[in-house]
Amino acid sequence: MSGNAFLSLTTEEKQRALSELGELKATLASRGLFAGTSGNLSVRVGEYRPEQFHFAITASGKDKSRSTPEDFLFVDQDGKPAESTALKPSAETLIHCEIYRLTGCGAIAHVHTVYNNVVSEWFWERRAVPVHGVELIKAFNIWEEEASIDIPIVPNYADIPRIVPEVTERLDPRIPGILLRKHGIYAWGRDVQEAKKHLEAFEFLFEYVYRWELLQGSRR
Ligand SMILES: CSC[C@@H](O)[C@@H](O)C(=O)COP(=O)(O)O
Ligand SMILES: [Zn+2]
């Protein structure tokens, strides 16, 4: 793909991306995962090269539990709108750009939950949430028995571009997700279905870790 790569996408390709995102947004919204307009979602379209790609992403500041014709827009690898629009891309678009650049994945989901916020703070000093031997680790395609994983945590700066190099440094190619401290999880996958699966697995594991830590504490 060259300079005008986005223009060579067919209407069907763009429509498919928008409808997949719309479906994922509605499903996650039905689970109450977009508290107070938080969260953002994206899906990549067309060919991928680390230096050039495009994706559809949620517009900034919207109530993500509502479905409107102004929910999504297309942006390029630098987070700039790929076509003329009055919509503003998610404030966290640059984090999506960096995750696509580093992983070549096909879709990304970001949500704020109490469990992901609490564990990101509880394990902040070690900069990772450790999980040992829980069956759902297999959702990340890690099949060892009693596997141990560390889910990376990066600082949550108000200035989003400052978070980008932290993601670059801490992203672990084995783990399809990264936590922002007291903010939320970014989970990704090769397509929307896999990103959703990974997000569900992370949230299960965060709740497990939270409850297990609590139980351990009550034994001391
Ligand atoms: C309203 S609090 C959440 C925001 O600050 C942000 O973290 C978020 O997830 C949503 O931002 P958005 O610009 O709508 O994509
Ligand atoms: Zn957020």
Side-chain angles (χ1 to χ4, degrees), residues 17-18 20-45 54-82 85-103 105 107-124 129 151-168 170-171 175-189 192 195-196 198-200 202-203 206:
L18 296 179
E20 283 182 354
L21 263 190
E23 206 181 304
L24 178 64
K25 188 164 81 69
T27 303
L28 300 183
S30 73
R31 300 178 189 174
L33 284 171
F34 298 126
T37 76
S38 64
N40 36 71
L41 307 172
S42 71
V43 63
R44 203 167 49 67
V45 284
H54 295 88
F55 58 98
I57 187 160
T58 42
S60 185
K62 303 264 176 181
D63 176 353
K64 278 118 194 164
S65 67
R66 293 184 60 228
S67 177
T68 80
E70 306 204 312
D71 288 341
F72 310 111
L73 67 158
F74 289 94
V75 297
D76 66 13
Q77 68 287 336
D78 300 320
K80 300 276 182 298
T85 175
L87 299 177
K88 259 187 67 185
S90 165
E92 293 165 358
T93 299
L94 289 180
I95 298 176
H96 290 248
C97 292
E98 186 61 356
I99 293 169
Y100 284 123
R101 192 181 72 79
L102 292 169
T103 68
C105 70
I108 302 173
H110 165 62
V111 299
H112 300 206
T113 66
V114 173
Y115 288 116
N116 68 36
N117 274 244
V118 169
V119 297
S120 74
E121 181 62 358
W122 187 247
F123 290 105
W124 169 242
V129 175
I151 302 162
I153 312 170
V154 298
N156 181 41
Y157 301 126
D159 181 29
I160 302 295
R162 275 184 74 200
I163 300 176
V164 173
E166 304 282 344
V167 171
T168 320
R170 297 299 319 287
L171 187 142
I175 310 295
I178 197 159
L179 278 163
L180 268 58
R181 183 186 184 189
K182 284 190 283 178
H183 177 157
I185 179 82
Y186 277 84
W188 55 87
V192 166
K196 174 171 169 281
H198 290 161
L199 179 70
E200 290 170 347
F202 280 119
E203 288 301 319
F206 295 146

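Hydrogens, waters and symmetry mates are skipped; everything else that's a heavy atom, side chains included, is used. One-based numbering, in listed order, for ligands and for the atoms of each.
- In the displayed structure, Glu23 atom CD is contacted under 6.0 Å by at most 12 heavy atoms of other residues, nucleotides or ligands.
- With a 4.5 Å cut-off on side-chain heavy atoms, Phe34 and Asp63 do not count as touching.
- Side-chain contact between Phe202 and Leu179 is absent, with no heavy-atom pair separated by less than 4.5 Å.
- The NE2 atom of His112 and the OE1 atom of Glu92 meet at the Zn ion (ligand 2) at an angle of about 170°, given to 10°.
- Cys105 places a side-chain heavy atom less than 4.5 Å from the side chain of Tyr100.
- Contact residues of ligand 1 (protein heavy atom closer than 4.0 angstrom to a ligand atom; sorted by chain and number): Gly36, Thr37, Ser38, Gly39, Asn40, Ser60, Gly61, Lys64, Ser90, Ala91, Glu92, His110, His112, His183.
- Here OG of Ser120 is found 11.0 Å from NE2 of His112. Values are rounded to the nearest 0.5 Å.
- Between Glu203 and Arg31, no side-chain nitrogen of the basic residue sits less than 4.0 Å from a carboxylate oxygen of the acidic one, so the salt-bridge criterion is not met.
- Centred on the Zn ion (ligand 2), the angle running from His110 (NE2) to His183 (NE2) is recorded as 100°, rounding to 10°.
- Side-chain contact between Leu41 and Leu28: present, with at least one pair of heavy atoms (C-beta onward) separated by less than 4.5 Å.
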